[in-house]
Amino acid sequence: MAIFGFNNRFNEFRDDFLKDTGVKAEDNMSLYAQYVAARFADQNNKIMVSISNEIQELHKVLKKV
């Protein structure tokens, strides 16, 4: 069973943004906001896939009972 933990990753996102785009977050806030939104969407998608897989496994177990 998966356990989810969330950390403040603001500095990681800012550093990744600089590495990925070559632009400082402070220099292009609208692009940075899109980047962060995409990272959150990706994280949410991974969580939802994990939850869906857990539910499917639980369903298989419950069908056997």
Side-chain angles (χ1 to χ4, degrees):
M1 183 173 190
I3 297 175
F4 302 107
F6 298 99
N7 300 325
N8 183 348
R9 296 179 46 200
F10 177 79
N11 290 329
E12 272 183 58
F13 285 174
R14 190 182 61 210
D15 295 342
D16 288 348
F17 178 75
L18 178 60
K19 183 174 62 175
D20 291 344
T21 65
V23 178
K24 289 184 179 180
E26 298 81 15
D27 294 341
N28 193 339
M29 287 304 293
S30 65
L31 182 60
Y32 180 66
Q34 292 175 29
Y35 180 84
V36 170
R39 293 283 299 262
F40 282 132
D42 181 55
Q43 180 180 9
N44 287 338
N45 184 55
K46 289 177 183 178
I47 290 170
M48 293 303 292
V49 166
S50 178
I51 290 171
S52 177
N53 290 339
E54 292 287 332
I55 290 171
Q56 288 174 4
E57 290 300 316
L58 180 60
H59 180 70
K60 290 177 187 176
V61 170
L62 291 174
K63 283 175 79 173
K64 292 179 182 178
V65 173

Run the salt bridge (Lys or Arg N to Asp or Glu O under 4.0 Å) test against Lys60 and tell me which residues pass, sequence neighbours left out.
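Once residues adjacent in sequence are excluded, the partners of Lys60 under the salt bridge (Lys or Arg N to Asp or Glu O under 4.0 Å) criterion are Glu57.
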Do Lys19 and Asp16 have side chains that approach each other closer than 4.5 Å (heavy atoms only, starting at C-beta)?
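Yes, at least one pair of side-chain atoms sits under 4.5 Å.
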CG of Leu58 to CD1 of Ile51: how many Å apart, nearest 0.5 Å?
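Answer rounded to 0.5 Å: 13.0 Å.
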Spatial distance of atom OG1 (Thr21) from atom OH (Tyr32) [nearest 0.5 Å]
10.5 Å
Using the rule that two of Ile, Leu, Val, Met, Phe, Trp, Tyr join whenever any of their side-chain heavy atoms come within less than 4.5 Å, decide whether [X] and [Y] are in one cluster.
X     : Y     : value
Val36 : Leu31 : yes
Met48 : Phe40 : no
Met29 : Tyr35 : yes
Leu18 : Val23 : no

Steps toward salt bridge (charged side-chain N to carboxylate O under 4.0 Å, His left out) verdict (Lys46, Asp42):
CA-CA 6 Å; Lys46 289 177 183 178; Asp42 181 55; 3.4 Å; yes
Taking every non-hydrogen atom, the tightest pair across Asn28 and Phe17
O-CZ, 4.4 Å
If you look at every heavy atom in Phe13 and Arg39, which pair is closest and at what distance?
CE2-NH2, 3.2 Å
Which ILVMFWY residues are connected to Val61, directly or by a chain of links, through side-chain heavy atoms under 4.5 Å apart?
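Same cluster as Val61: nobody, lone residue.
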Enumerate the salt bridge (charged side-chain N to carboxylate O under 4.0 Å, His left out) contacts for residues 20-29, please, sequence neighbours excluded, ordered by first and then second residue.
none
